[in-house]
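Read the structure below first, then the notes.
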Amino acid sequence: MTKVAFIFPGQGSQYVGMGKNLYNNNKSAKQVFDKADAILNKSVTSLCFEGPDEVLKQTINTQPAIVTMSIAAVEALKSQLNITPDYTAGHSLGEYCAMYTAGVMNLDDTLKAIQKRAELMSTVKGGSMAAIINASEEQLNSGLAEGRKFGYVDVANYNSSAQVVITGDTAAVKVAGDHMLANGVRRVVPLAVSGAFHSKYVREAGEKFKEFVKNLSLNDAKVPVVTNVDAEITTKAEDFRSKMPKQIYSSVRWTQTIKKMASEGVNTFIEIGPGSVLANLNRKIVPDAKVYNIYDMESLDNTIQELKKLSVEL
């Protein structure tokens, strides 16, 4: 039996031109972009289609742009295929697209929430992040222990068995990375970010977001969402309300999230949104699962044809 999960990418997947092909060729996608421009009182369409890159990659712009493009893509899919996923999840800000897809928030509130989140996170300065490639658990823990002699460092993202991202004080992150390189880890890649996301550096932003979320209209999910902070199935509105602020400063448990859905029988994952970061990660986490992408009309049409071949229960 085929079980399908929709998954949505996070910050870093953006590129200039994303969504333009969908906007020009699908009415449902166009409506999402046009509504985002109106709700957020700025041209998300121009940011996505024209950039420039240095403006698009600013957190204040990146987050609403990716969410808008991803929701436009999921609406384009729904306009051509009567499909409801069995589960949904998103990587960091992608979780807002998952909540939208599950009916937790309407489009207006999803856009307003992600804009507020982006505003709060864009004020965060200090600290750094680095991706660690092919580290064993022992190598990772040893590096973190060494780094903590020089300050605060922790895991921001558990992206796959082959990649984690560390975050924290700049000196501690560097020492941890250098220690891992000296002890057999293949690569450490410093990330071009404005601050140490998913760490104590953004706890204040999380606490301020908690106040915003108190008055947000949330519904129980119609489709189970596997949440970043704990990799657990979530459906209750009040559980989302408590997890949304925590997600800002907690580790993104993406590896655990995908494994959770796989343990529930999910064998087909559709990444919806810019790029193919999650699809590539998934091939490492669940190599036997089928993985598809939707980011333009061609990938949309190809995915629909493949789903029909799988005889998905539509």
Side-chain angles (χ1 to χ4, degrees), residues 1-10 13 15 17-33 66-91 94-104 107 110 160 221-227 231 233-235 254-255 257-314:
M1 179 180 174
T2 300
K3 276 194 175 183
V4 177
F6 289 179
I7 56 176
F8 299 91
S13 61
Y15 58 88
M18 65 181 187
K20 188 173 184 179
N21 179 259
L22 291 167
Y23 181 92
N24 289 335
N25 293 283
N26 185 276
K27 182 180 177 182
S28 296
K30 183 179 186 299
Q31 288 173 341
V32 172
F33 274 104
I66 290 175
V67 166
T68 298
M69 188 274 180
S70 299
I71 291 176
V74 82
E75 289 301 327
L77 171 63
K78 287 161 61 179
S79 74
Q80 296 195 20
L81 193 67
N82 180 24
I83 181 171
T84 301
D86 296 283
Y87 293 88
T88 186
H91 191 289
E95 191 162 276
Y96 287 76
C97 304
M99 288 189 284
Y100 166 81
T101 299
V104 177
L107 181 57
T110 302
S160 76
K222 296 174 184 175
V223 174
V225 180
V226 183
T227 45
I233 293 167
T234 307
T235 57
W254 190 249
T255 303
T257 291
I258 297 301
K259 286 183 175 179
K260 177 67 175 179
M261 288 189 282
S263 75
E264 295 291 327
V266 173
N267 51 17
T268 303
F269 294 87
I270 306 173
E271 179 178 5
I272 304 174
S276 57
V277 172
L278 299 184
N280 292 332
L281 293 177
N282 270 30
R283 291 185 180 101
K284 294 182 175 70
I285 302 168
V286 281
D288 293 334
K290 295 183 182 298
V291 183
Y292 304 103
N293 291 87
I294 296 175
Y295 51 86
D296 61 9
M297 289 303 297
E298 183 179 1
S299 59
L300 172 64
D301 292 341
N302 290 342
T303 298
I304 288 172
Q305 293 307 311
E306 290 300 318
L307 289 173
K308 287 179 176 177
K309 287 180 191 175
L310 291 172
S311 301
V312 177
E313 293 180 9
L314 306 176

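Since this is a predicted model, take the numbers as computed values, not measurements.
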Nearest-0.5 Å distance that lies between atom [atom1] in [X] and atom [atom2] in [Y]:
X: N282; Y: M261; atom1: CG; atom2: CE; answer: 7.0 Å
X: Q80; Y: D301; atom1: CD; atom2: CG; answer: 5.5 Å
X: Q305; Y: L300; atom1: CD; atom2: CG; answer: 10.0 Å
X: K78; Y: I71; atom1: NZ; atom2: CD1; answer: 9.5 Å
X: I294; Y: F6; atom1: CD1; atom2: CZ; answer: 7.0 Å
X: K308; Y: I83; atom1: NZ; atom2: CD1; answer: 11.0 Å

Taking every non-hydrogen atom, the tightest pair across [X] and [Y]:
X: F8; Y: S70; value: CD2-CB, 4.0 Å
X: M69; Y: Y295; value: CE-O, 3.3 Å
X: V74; Y: I272; value: N-CG2, 3.6 Å
X: W254; Y: H91; value: CZ3-N, 3.5 Å
X: G273; Y: A73; value: N-CB, 4.5 Å
X: R283; Y: V291; value: NH2-O, 4.0 Å

**Request:** Please step through side chain to side chain contact (heavy atoms under 4.5 Å, CB included) for the pair Y87 and K260, ending with a clear verdict.
**Result:** CA-CA 10 Å; Y87 293 88; K260 177 67 175 179; over 6 Å; no

**Prompt:** Looking only at atom types and distance, does a side-chain atom of D86 sit under 3.5 Å from a main-chain N or O of V4, one as donor and one as acceptor?
**Reply:**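 A pair under 3.5 Å: yes.
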
**Message:** Using modelled atom types and a 3.5 Å cut-off, is there a donor and acceptor pairing between side-chain atoms of N26 and backbone atoms of L22?
**Reply:** no

**Between T88 and T101: side-chain donor-acceptor atoms closer than 3.5 Å** = no

**Message:** Is a donor from one side chain sitting under 3.5 angstrom from an acceptor on the other, for D296 and S299?
**Reply:**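 The criterion, which ignores hydrogens and geometry beyond distance, is satisfied for S299 and D296.
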
**Item:** Y100 OH: over 12 foreign heavy atoms closer than 6.0 Å
**Value:**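 Yes - once you tally the heavy atoms of other residues, nucleotides and ligands closer than 6.0 Å, there are more than 12.
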
**Message:** Can you confirm whether E264 is buried at CD, in the sense that more than 12 heavy atoms of other residues, nucleotides or ligands lie under 6.0 Å from that atom?
**Reply:**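 More than 12 within 6.0 Å, yes.
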
**Item:** CA sep, side-chain torsions, deciding dist, call: I270, L307, side chain to side chain contact (heavy atoms under 4.5 Å, CB included)
**Value:** CA-CA 10 Å; I270 306 173; L307 289 173; 3.7 Å; yes

**Item:** Summary of side-chain hydrogen bond (donor to acceptor under 3.5 Å, both in side chains) pairs that have at least one residue in residues 265-279, sequence neighbours excluded
**Value:**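 Every pair satisfying side-chain hydrogen bond (donor to acceptor under 3.5 Å, both in side chains) with a residue in residues 265-279: E271-N293.
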
**Message:** Would you say that F269 contacts L278 through its side chain, given a criterion of any heavy-atom pair below 4.5 Å between the two side chains?
**Reply:**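 They are not in contact (no side-chain heavy atoms under 4.5 Å apart), so the answer is no.
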
**Message:** Applying salt bridge (charged side-chain N to carboxylate O under 4.0 Å, His left out), can you list everything that pairs with K222, at least two apart in sequence or on another chain?
**Reply:** none

**Prompt:** Excluding sequence neighbours, so at least two apart, what forms salt bridge (charged side-chain N to carboxylate O under 4.0 Å, His left out) with K3?
**Reply:**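 Checked K3 against salt bridge (charged side-chain N to carboxylate O under 4.0 Å, His left out); zero matches.
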
**Request:** Test Y292 against L310 for side chain to side chain contact (heavy atoms under 4.5 Å, CB included), laying out the working first.
**Result:** CA-CA 12 Å; Y292 304 103; L310 291 172; 3.7 Å; yes

